[in-house]
Amino acid sequence: MGLFDFFKKKINIRENIEMSLEETSSTSNYIKTNRYPENSQGDFYVENGVCITCGAPEAEAPDLIEHSKIEYGHCYFKKQPKTEDEIERAINAIAVSCISGLRYGGTNENILRRLYEIGEGGQCDHKPIGNYKTLIFDNVNFLFNGSIQELSELMTSQLVAGQTHLNKHIVNLKLANDKYFQFVYRWTNRATGNIFRCYSSGDNRFRVEIGIEENGHEISIRGNSMILNSILRLDKRVSEILWVDKDYNTYNETELR
């Protein structure tokens with residue numbers, strides 16, 4: 001199974017779970033799944049048989065997740081998160097699971113909200129009280145003390161370096177003039193990537209818009225916006241970072257998560 005098929009399967013699994021939740025919403029706010037037996041007792045768990053030994057969740061939270069020595073390859077929660085940092089890493093582990101094998105079975109409203117806002121509502125056994133939607137950060141404004149060519153080199157090189165995708169690459173880089181450039185970041189051989197468009201408005205002020213290719217999925221913008229935010233924050237030539245989501249809410253670089 002190729003990497004594209006992993007992501008396609010993850011999206012299909014999420015859609016099937018969300019459809020199941022919608023169908024049962026009139027009678028129940030709970031979806032029951034089969035937990036892998038080695039999971040520690042608690043709200044975070046790995047579903048039985050839903051693991052391809054990708055290693056991504058364990059890499060995100062190695063103190064909470066490991067792979068079974070009894071049943072080859074199957075990951076599980078060896079420890080339940082307790083601190084805010086542990087909970088955040090458990091949530092991130094859910095987000096990076098290739099085939100949506102990690103789930104949250106609790107009813108903590110803050111955790112449910114966080115999972116829904118990062119696009120992982122389908123991985124929750126219970127519905128939240130509030131009505132939350134996925135936050136997509138697709139627009140960022142900032143100051144850059146350098147040329148537009150230097151900015152394009154920074155973004156294209158560091159976007160690839162900061163990714164864990166196996167087939168990561170940049171295509172269709174176009175530096176039109178000193179006011180605009182664009183490129184596509186892909187992690188498959190198909191048109192499923194993210195399109196980055198950068199505009200200069202003068203006085204070292206830039207705006208980057210992130211979109212999707214024709215076969216892409218909007219949720220992918222979230223992950224790449226996080227990578228870009230880290231790139232911008234770490235570069236000393238960048239300042240005054242301000243992100244905007246699809247509902248035109250604004251966030252500084254420390255509020256993006």
Side-chain angles (χ1 to χ4, degrees), residues 1-20 47 49-60 73 75 92-102 115-123 133-140 151-176 180-199 207-232 243-246 256:
M1 183 183 293
L3 188 61
F4 174 77
D5 298 310
F6 288 163
F7 283 114
K8 185 176 180 182
K9 185 172 182 181
K10 179 178 174 71
I11 291 165
N12 290 339
I13 289 172
R14 178 185 293 142
E15 290 175 346
N16 290 338
I17 291 171
E18 289 174 349
M19 287 175 62
S20 175
E47 189 173 357
V50 189
C51 177
I52 56 170
T53 322
C54 69
E58 184 180 18
E60 193 67 40
C75 65
N92 291 340
I94 290 176
V96 301
S97 172
C98 292
I99 57 171
S100 300
L102 281 67
L115 285 164
Y116 270 74
E117 287 181 344
I118 67 170
E120 297 295 340
Q123 299 310 108
K133 62 181 180 179
T134 304
L135 298 179
I136 303 293
F137 312 106
D138 62 350
N139 192 307
V140 61
L151 180 57
S152 71
E153 291 171 355
L154 170 69
M155 289 177 56
T156 53
S157 63
Q158 294 303 308
L159 266 171
V160 171
Q163 301 282 0
T164 58
H165 301 129
L166 298 177
N167 193 17
K168 52 189 178 181
H169 57 288
I170 300 292
V171 298
N172 301 333
L173 173 61
K174 299 175 183 177
L175 184 60
Y180 176 81
F181 71 86
Q182 73 173 51
F183 63 89
V184 177
Y185 170 71
R186 285 183 186 163
W187 50 93
T188 75
N189 291 323
R190 303 168 186 173
T192 59
N194 286 162
I195 305 170
F196 291 78
R197 298 182 176 92
C198 181
Y199 305 85
R207 182 179 82 256
V208 174
E209 299 174 355
I210 310 175
I212 56 174
E213 292 190 280
E214 56 182 333
N215 297 319
H217 295 275
E218 193 174 62
I219 188 64
S220 66
I221 295 176
R222 265 198 62 90
N224 283 321
S225 66
M226 299 295 175
I227 296 291
L228 179 57
N229 188 52
S230 296
I231 293 169
L232 297 177
W243 284 88
V244 183
D245 68 18
K246 284 193 167 292
L256 210 70

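All values below were derived from every heavy atom in this structure, side-chain atoms included, with hydrogens, water molecules and symmetry-related copies excluded. Given the structure is predicted, the values throughout are model-derived calculations rather than measurements.
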Please name the pair of heavy atoms, one in [X] and one in [Y], separated by the smallest distance, quoted to 0.1 Å.
| X | Y | answer |
| --- | --- | --- |
| Ile118 | Ala95 | CD1-CB, 4.0 Å |
| Gly73 | Cys51 | O-SG, 3.5 Å |
| Gly119 | Ile219 | CA-CD1, 3.8 Å |
| Ile227 | Leu159 | CG2-CD2, 3.7 Å |
| Ile195 | Ile212 | CD1-O, 3.6 Å |
| Ser220 | Asn194 | OG-ND2, 2.9 Å |

Measure from the side-chain N and O atoms of [X] to the backbone N and O of [Y], and report whether any donor-acceptor pair falls under 3.5 Å.
| X | Y | result |
| --- | --- | --- |
| Glu209 | Arg197 | no |
| Ser230 | Met226 | yes |
| Lys168 | Val160 | yes |
| Gln123 | Leu102 | yes |

Relative to the ring of Phe183, is the ring of Phe196 parallel (under 30°), tilted (30 to 60°) or perpendicular (over 60°)? parallel
In Å and rounded to the nearest 0.5 Å, what is the [atom1] to [atom2] distance from [X] to [Y]?
| X | Y | atom1 | atom2 | result |
| --- | --- | --- | --- | --- |
| Ser157 | Ile231 | OG | CD1 | 7.5 Å |
| Ile210 | Asn224 | CD1 | CG | 6.5 Å |
| Tyr185 | Glu213 | OH | CD | 12.0 Å |
| Met155 | Leu173 | CE | CG | 10.0 Å |
| Leu256 | Asp245 | CG | CG | 9.5 Å |
| Asn92 | Glu60 | CG | CD | 4.5 Å |

Would you say that [X] contacts [Y] through its side chain, given a criterion of any heavy-atom pair below 4.5 Å between the two side chains?
| X | Y | answer |
| --- | --- | --- |
| Leu151 | Phe181 | yes |
| Gln182 | Asn172 | no |
| Asn167 | Trp187 | no |

For Phe137 and Leu228: C-alpha separation, side-chain torsions, deciding distance, then whether side-chain contact (heavy atoms from CB on, under 4.5 Å) applies. CA-CA 11 Å; Phe137 312 106; Leu228 179 57; over 6 Å; no
Once salt bridge (Lys or Arg N to Asp or Glu O under 4.0 Å) is applied, what residue pairs with a partner in residues 214-225 remain, sequence neighbours excluded? Glu218-Lys246
